[in-house]
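So that the names make sense, note that chain A is the first sequence line, chain B the second, and so on, each numbered from 1. Keep in mind that what you see is a predicted model, and the values were worked out from it rather than measured.
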Amino acid sequence: MKNSMNTIQEIHNAFDAGTLTPLELTRTYFETIKSSNHNAWITLCEERALKQAEELTTDLKDKHGGKVPREALPLFGIPLGIKDVLTMDGVRTTCASKMLDNYIPPYTATAVIKLEHAGAISLGKLNMDEFAMGSSNENSAYGSVLHPTHADRVPGGSSGGSGTAVAAHHCVAALGTDTGGSIRLPASFCGIVGMKPTYGRISRYGQIAFASSLDQIGPMAKSVQDAALLCQVMAGIDAKDSTTADVEVGDWFQTAIKTKIDDAKGLRVGVPKEYFIDGIDDEVKNAIESMIQKLKSEGAEIVPVTLPHTEFAVSTYYVIAVSEASSNLSRYDGVRFGVRPSEAMKAVTLVDFYKKVRSNFGAEVKRRIILGTFALSSGFYDAYYRKAAQVRRLMRTDFENAFQQVDVIVSPVSPSTAFKLGEKSKDPLKMYLTDIFTIPASMAGLPAMSVPVATDHQGLSIGMHLIAPRFKEEILIKAGRVVELLAGGVK
Amino acid sequence: MIDVNAALIQKVAELARLELSDEEVQEYVKSIGDVLKHVEQLNLLNTEGVEPMNYGVDGSLRLREDVVQPLEPKSDGKPRILETAPESLHDGFKVPPMIG
């Protein structure tokens, strides 16, 4: 199959050999997308994408002598999916909310601009949890996304469309965003690689905000090398996002390509005891422990570490993230953009007008706005928001201490494999606890990755979670690649 | 421990400019009550003297020059930003008249 190739390298080799063109590849992906019932996409940009693909196909022959210009355009002719939280000039961007059903932004997210400047083709906008709030992709105003191989299960969230689209060969790779695990969880559930870089690595300009001190864009791909390449292309300082860091971006793609199993030797791998608690599925626990053993037998040094505030992660997150969300989502007032329902026009007071407009929010979004407004409200701020921000500092210190002893920390991504549709949607707290292992790295702004290492007895994927110190993506990618090789992934 | 009841949910919803049905209020009393009960665990920690971590980055943010960068207007000369307006009038966002 033309669209089941595993890496960008393989595709570029096929372009070089003349056995495939960007246009053929793009057409094949659209055929797959249209014959699928996963509900992974909200908006397709077929005309725009085919035009891009056609130009690149002509350029390949006329400008580049049939050889992919890998240096200048490292993503030449590579069809990607974009999570619908990222703006694209002239392309409908809904954030999976009725609130933005008609929103056509006049500007493009920096991350998307960088990918397209590197030769990538954007196929369309991927389904997600509304405003990126969810762990199962059941909170979309456009319907749930289905798991790529098990139709009765969730793909994980909030970047569930991205997870399913990559795993089901709808695109080579996709962009996700991660606030408390929204890249890593669906990557783990769908059996692909998901990477959340350090907070500040990739510009958030054009990313519709959920929790600004936590949100980060990252790649979801079939291999560590592709994730590394996308991350490298998107990373860097941006005048339009003052939180982007002026830290050198490495050649992470080459790092991934060059890494061998042998590189496990001397790698100091931290195993936090707080991540191997009761309540984890035995199969998940066994798979992760077995991978730790493999790392050990290849020469890695396994070091028990402690992250004592892990049990407070979900509480801390669900105060801080919702507080930031309640502030960020106050912009949806029906004045400058978004859907203004006809009832709003009958409102007699401004407050009533806002209420009618904001009835466009779905149940989970409203729940989080109420929680966040409460945590920030007079009389409760110190007990909730300030307290959580203090605990967040303690969680970050935990990691700083642990990284004195180790290069990378490993754990399960989630206590379970992909759960059934509807299984947790009636119990928000239970749903929130799904993110217990991914939240801490988000709170501390650390780079982290999910790499598939095994499947359970039902064939559902189990991901290993790797966390590195701030701005040490190089180490994360190297360790992630070793794990991928040991798991028998992409050669 | 905070008592999460219908009056509290209604009050906070009002602050957030959200209109809730009775069923929604009941559902949020339960689910938000559950979450806040879980959050109570933070009180087990002594955080005296701990500097809150309010931002994702350390130190101060980089500032750039305050320069207007115009968005190219549409072919009819209207500002492009108005394309997103639920309703527009001339070169502005149109809103319903409000008294009260």
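A salt bridge is defined here as a Lys NZ or Arg NE, NH1 or NH2 lying under 4.0 Å from an Asp or Glu carboxylate O, and B:E19 with A:R358 fails to meet this definition.
Heavy atoms closer than 4.5 Å to chain B are found in both the backbone and the side chain of A:S242. For chain B, no part of A:L100 is nearby; none of its heavy atoms comes within less than 4.5 Å. For chain B, the nearby part of A:V319 is the side chain; its heavy atoms alone come within less than 4.5 Å. For a residue to count as touching a neighbouring chain, one of its non-hydrogen atoms must lie under 4.5 Å from one of that chain's; by this rule A:R368 does not touch chain B. Residue contact with chain A, scored on non-hydrogen atoms closer than 4.5 Å, involves the side chain of B:R64 exclusively. Contacts of A:Y107 with chain B are absent, with no heavy-atom separation under 4.5 Å from either backbone or side chain. Only the side chain of A:P428 comes within contact range of chain B, with at least one heavy atom under 4.5 Å from a heavy atom of that chain. Contact annotation for A:S326: neither backbone nor side-chain heavy atoms come within less than 4.5 Å of a heavy atom of chain B. In this structure, chain B has no heavy atom under 4.5 Å from any part of A:M395. For a residue to count as touching a neighbouring chain, one of its non-hydrogen atoms must lie under 4.5 Å from one of that chain's; by this rule A:I104 touches chain B with the backbone only. Of the two parts of A:L329, neither the backbone nor the side chain holds a non-hydrogen atom closer than 4.5 Å to a non-hydrogen atom of chain B. Heavy atoms closer than 4.5 Å to chain B are found in the side chain of A:Y103, but not in its backbone. Using a 4.5 Å cut-off between heavy atoms, B:Y28 touches chain A through its side chain atoms alone. Heavy atoms closer than 4.5 Å to chain B are found nowhere in A:S330, neither backbone nor side chain.
For A:V339, the side-chain contact (heavy atoms from CB on, under 4.5 Å) partners are A:D101, A:N102, A:N360, not counting sequence neighbours. Not a single ring pair (Phe, Tyr, Trp, His ring centres under 6.0 Å) links A:F312 to another residue, sequence neighbours left out. For A:Y354, there are no ring pair (Phe, Tyr, Trp, His ring centres under 6.0 Å) partners, not counting sequence neighbours.
For the set B:N54, B:I81, B:L8, the entry with the most heavy-atom pairs within less than 4.5 Å of chain A is B:N54. Options B:D34, B:I9, B:I2 differ in how many heavy-atom pairs under 4.5 Å they form with chain A, and the most are formed by B:I2. Heavy-atom pairs under 4.5 Å with chain A were tallied for B:L45, B:I32, B:V35, B:L15; the largest tally goes to B:L45.
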Exercise for review: Apply side chain to side chain donor-acceptor pair (under 3.5 Å) to A:T244 and B:R62, showing your working.
Suggested key: CA-CA 9 Å; A:T244 48; B:R62 220 174 28 255; 3.1 Å; yes
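Close approach to chain B, defined as a heavy atom under 4.5 Å from one of its heavy atoms, is seen in A:Y384, A:Y385, A:R386, A:K387, A:A388, A:A389, A:Q390, A:V391 of residues 381-391 of chain A, taken by number.
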